[in-house]
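As the structure is a prediction and not an experimental result, all values here were calculated from the model.
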Amino acid sequence: MADRKYWLFKSEPNAYSYADLQKDGVAEWDGVRNYQARNLLRDDIKEGDGILFYHSNAAPMAVVGTAIVVRSGYPDSTAWDPKSAHPDSKSSPDEPRWYMVDIKADQEFKEPVTLEAIKVLPGLEKMMVGQRGARLSVQPVSSEEWNIVTKLGLG
DNA sequence: GCCAACGTTGGC
DNA sequence: GCCAACGTTGGC
């Protein structure tokens, strides 16, 4: 796919790990409540795109595998579900404020690519996840970065 | 557990 | 519309 794009999704393994994703098969990536990330989910993240699945607040913090987008952005219905983990009364089915995508696990890394490694590896210095204070939970990744990280992880 | 970064909220 | 207070993220 010529216009395939690449992303990095952060998740705290305490809350939702790569193993959980493998177990679940397809997962709805809901609960994102940040406008910058929302715009990416709504406008830019398309079926077939590649995802680096990153464990934050973990030991070690690392990209642990890849996932594939199986459904492009659509309204996050958990926003108007008062029983959900992230309700937002300002979002409604008529005027959805938040978006999500569906993803499924692809290739688990043999060797997790740690944050420590990302910070020092040639070609990865610019990766957003390695920048100080980069809190965005959905980040763009260049095809060069994708190639380097997946090659390292898959061995 | 601490705290820097930074997005959001609310008083004015 | 400014900006201080507050809350959250997430590395350390």
Original post:
Is A:Arg4 close to A:Ser143 at the side-chain level, that is, under 4.5 Å between some pair of heavy atoms?
Top reply: no

**OP:** Quick one: closest heavy-atom pair of A:Trp7 and A:Asp49, and the distance?
**Re:** NE1-OD2, 2.9 Å

At a cut-off of 3.5 Å, list every protein nitrogen or oxygen paired with a nitrogen or oxygen from nucleotides 5-9 of chain C, distance to 0.1 Å.
unit_1	atom_1	unit_2	atom_2	d
C:dT8	O2	A:Arg135	NH1	2.8

**OP:** Enumerate the residue pairs fulfilling side chain to side chain donor-acceptor pair (under 3.5 Å) with a member in residues 102-119 of chain A, sequence neighbours excluded, ordered by first and then second residue.
**Re:** A:Gln22-A:Glu108, A:Tyr74-A:Asp102

Subject >> A:Arg38 with A:Asp76: basic N within carboxylate O range, under 4.0 Å >> reply: no

Original post:
How are the rings of A:Trp29 and A:Phe53 set to each other: parallel, tilted or perpendicular (split at 30° and 60°)?
Top reply: perpendicular

Original post:
Toward the 5' end of DNA chain B, which comes first, A:Tyr35 or A:Arg132, by nearest nucleotide?
Top reply: A:Arg132

**OP:** Rounded to the nearest angstrom, tell me the gap between atom CD in A:Gln139 and atom C1' in C:dG11.
**Re:** 13 Å

Subject >> Interatomic distance where CG belongs to A:Asn14 and P belongs to C:dG11 [whole Å] >> reply: 13 Å

